[in-house]
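Proteins come first, then strands; the chains are lettered A, B, ... in the order of their sequence lines, and each starts at number 1.
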2 protein chains.
Amino acid sequence: MASQTVPQATAERLPLYYRTLQQLVANGKTRISSSKFGELVQIDSTTIRKDFSYFGALGRKGYGYDTQYLMDFLKKTLYQDELNRVILIGVGHLGTALLNHNFLKNNNTQIVRAYDVDPKKIGTKVSGTKVFAMDELAANDHHEIVAAILTVPAAQAQEAAEKALASGIRGFLNFSPTTLNLPENAYVRHVDMTVELQALIYFLNHSMETKNS
Amino acid sequence: MASQTVPQATAERLPLYYRTLQQLVANGKTRISSSKFGELVQIDSTTIRKDFSYFGALGRKGYGYDTQYLMDFLKKTLYQDELNRVILIGVGHLGTALLNHNFLKNNNTQIVRAYDVDPKKIGTKVSGTKVFAMDELAANDHHEIVAAILTVPAAQAQEAAEKALASGIRGFLNFSPTTLNLPENAYVRHVDMTVELQALIYFLNHSMETKNS
DNA sequence: ATTCATTTGTTCTTTATTTCACAATCCTTA
DNA sequence: TAAGGATTGTGAAATAAAGAACAAATGAAT
C-alpha cells in the first residue's frame with residue numbers, strides 16, 4: 001500500500017550507491033558523472049540518473065554529481081545519520097561472526113544485545129555484546145530496536161521471530177534457511193547462502209551453452 | 001547471450017522450491033497443489049505454475065505435483081545430484097563460520113580447501129578443511145572447482161578474485177563489501193549484509209507512511 | 001562574450017516479470 | 001462409468017524495470 005513513489009529496485013540500489021560514494025569521498029574525489037559512477041557500480045548510467053531523479057535534481061548538467069553532497073543526501077535517506085540499534089538472535093558460528101564483524105564501521109548500526117538458548121553462552125559477552133536467555137526475549141521491550149538479525153537453526157527461526165515480534169521488533173534480517181510467516185506489519189529480508197550457492201551453480205552451468213574447451 | 005529459455009527470476013526461485021520440497025518429502029507429503037505450495041514459499045501460485053511450466057508439464061491436472069518427482073527433477077536441474085566442490089578465500093570470522101557450517105547437509109556442496117594470508121592460519125585445519133597460502137592460489141589448478149567463496153576484506157577482494165580466476169575458477173560467491181570487476185566469462189553473486197541491513201531499515205521507515213502510534 | 005563539449009533529467013521504447021482468466025484435463029467418488 | 005470438483009498449463013493483460021535518445025542546461029576554453 002504505502003505511498004511509495006520510489007521503485008523497489010531503486011531503493012535496493014541506494015545502499016550500494018551510498019557505500020561507493022563513501023569510498024569516492026574518502027579518496028578525495030569531489031565530483032563524478034553518472035557514466036563513471038555506473039562503471040564503478042556496474043549499473044547502466046541511465047538507470048543511475050533515473051534512480052537519483054526520484055529524489056529531485058541532485059546533479060548539475062555539464063558537471064555531474066557532487067560526491068559529498070550526494071553522499072550526505074543518501075546518508076539521510078538511508079537513515080545512516082542516526083544510530084540503528086539491532087539485536088542478534090542465535091549466537092552460533094554465523095551469529096558470532098556477525099558479532100565480531102561490528103557493523104559500526106561502515107554502517108551506523110550496532111548490535112546492542114544477543115539472545116541464545118545455550119546456558120553456557122547466556123550471561124557471557126561475545127565481542128563486547130552481552131548474551132541473554134532466549135526466554136527473556138518475548139518479555140523484553142524492544143521498541144527502540146529497529147531490527148533483529150536471525151541466525152538460529154531453521155527449526156527455531158519461526159518461534160524466535162515471533163518472540164522478537166512480541167517484544168516490539170518489526171524488521172528482520174533472516175539468515176536462517178526457512179521462510180518466515182509473519183503478519184503484514186513485519187518486514188523480512190532473507191539472506192540465504194544455500195540459495196545463493198545453488199543459484200550460482202545453476203547459472204554457471206547454464207551460461208556455458210556457449211562452452212569452449 | 002546463451003540460449004536461456006528460463007527467465008532469470010524463475011531460476012533464482014528454484015533453490016527455494018527445491019529446499020521446500022525436501023522438507024515436504026521428509027515430512028511424508030506425497031503431493032501438493034501449486035496454491036498450497038505457494039503459501040509455503042509465499043509466492044503466488046500462478047508464478048509457481050508458470051515457473052515449473054518452463055521445464056515442461058511437471059504436474060497433473062486435478063491432482064497437483066508429486067513431491068518426490070518434483071524434488072528429484074529440481075535436484076538434477078540444480079546439479080545437486082553431484083558433489084559441487086568449492087574453495088573459500090579468507091579465513092576470518094565469516095570464513096570460519098562458513099567452514100563450520102558445512103554446506104553438505106542440505107546442499108551437495110563441499111568446501112575442499114581454504115586460502116588465507118595469515119601465516120598462523122596457513123597449514124592448519126579449520127573444521128576439517130586445510131588452509132593454504134594465498135600465494136599458492138593463482139598457481140594451483142582449480143578447474144575441478146565450481147566456485148570460490150570470497151570472505152576477504154573489501155580491499156583484497158579484487159586481487160583474490162583475479163587469482164582464483166587465474167587458477168581456473170569462474171564462479172564467485174562474493175561476501176566482501178565491494179563490487180568485483182571480472183571478465184565476462186566469470187559469474188558473480190554478491191551477498192552483501194551491509195546492503196541488506198540498510199535496505200531493511202529503508203523499507204521499514206518507508207512502509208510506515210501509514211504509521212499508527 | 002561566444003562557442004563547444006559535457007552531462008543531466010526525462011520522455012519514449014523495449015524488455016522482463018507478474019497476474020488474470022479459463023479451457024483442458026485429470027482425479028475421485030458414487 | 002458418469003458426473004463433479006480440483007488443478008494444471010498457458011495465452012493475454014497488466015505492471016515493473018531497464019535502456020535509448022535527446023533537449024536543456026551548465027561548465028570550460030578562447
Run the numbers on D66(A) and R60(A) for salt bridge (Lys or Arg N to Asp or Glu O under 4.0 Å), then give the verdict.
-> CA-CA 8 Å; D66(A) 182 288; R60(A) 275 183 290 164; 5.1 Å; no
Start with the C-alpha gap between D192(A) and R19(B), add the side-chain angles, then the distance that decides, and say whether side-chain contact (heavy atoms from CB on, under 4.5 Å) holds.
-> CA-CA 11 Å; D192(A) 198 318; R19(B) 184 175 63 213; 2.6 Å; yes
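Close to dT7(D), at under 4.0 Å from its OP1 or OP2, lies no side-chain N or O of S34(B). Here T47(B) does not reach the OP1 or OP2 of dT18(C): none of its side-chain N or O atoms lies under 4.0 Å away.
You'll find the side chain of L74(A) reaches within 4.5 Å of the side chain of L14(A), heavy atoms only.
With rounding to whole Å, K36(B) atom NZ is found 11 Å from dT8(D) atom P. Separating the OH atom of Y54(B) from the P atom of dT8(D) is a distance of 16 Å, rounded to the nearest angstrom. Straight-line distance from the CG atom of D51(B) to the P atom of dT8(D): 13 Å, rounded to whole Å. For the pair F52(B) CZ and dT7(D) C1', the interatomic distance rounds to 14 Å; values are reported in whole Å. If you measure from atom CD1 of I48(A) to atom P of dT8(C), you get 10 Å, rounded to the nearest angstrom. For D44(B) and dC20(C), the CG to P distance is 6 Å, given to the nearest whole Å.
Distance CG/L98(B) to OG1/T129(B): 11.0 Å, rounded to 0.5 Å.
End-to-end axis angle for the helix from dA1(C)-dT30(D) to dA30(C)-dT1(D), using five pairs per end and rounding to 10°, comes out at 20°.
For DNA chain C, the residues of residues 64-71 of chain A within the heavy-atom distance limit of 4.0 Å (strictly under) are G64(A), Y65(A), sorted by number.
Considering all non-hydrogen atoms of both residues, V112(A) and R85(A) come closest at CG1-CG, 3.7 Å.
Evaluation of the side-chain hydrogen bond (donor to acceptor under 3.5 Å, both in side chains) rule for D135(B) yields no partner, not counting sequence neighbours. Listed by chain and residue number, R189(B) satisfy the salt bridge (Lys or Arg N to Asp or Glu O under 4.0 Å) test with E12(B) (two or more places apart in sequence, or in another chain).
The environment of CD in Q110(A) is crowded: more than 12 heavy-atom neighbours from other residues, nucleotides or ligands sit within 6.0 Å. The 12-atom threshold is exceeded at CZ of R13(A), counting heavy atoms of other residues, nucleotides or ligands nearer than 6.0 Å.
With Y65(A) as the partner, the ring-ring contact (aromatic ring centres under 6.0 Å, His included) test is satisfied by one option alone out of F52(A), F55(A), F73(A): F52(A).
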Protein-nucleic acid N or O pairs under 3.5 Å, nucleotides 12-17 of chain D:
residue: dA12(D); atom: N6; partner: K50(B); partner atom: NZ; Å: 3.2

Per-nucleotide protein contact along nucleotides 21-30 of chain C, 5' to 3', at a 4.0 Å heavy-atom cut-off (B base, S sugar-phosphate only, - neither), is B--BBBSS--
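Between the side chain of D72(B) and the main chain of K76(B), no donor-acceptor pair closer than 3.5 Å is present. Distance alone, capped at 3.5 Å, places no donor-acceptor pair between the T194(B) side chain and the N107(A) backbone. A donor-acceptor contact shorter than 3.5 Å is absent between the side chain of D51(A) and the backbone of S53(A).
For S53(A), the side-chain atoms get nearest to dT10(C) when compared with the rest of dG9(D), dT8(C), dT10(C).
Between H142(B) and Y115(B), the ring planes lie perpendicular to each other; the angle is over 60°, past the 30° to 60° tilted range.
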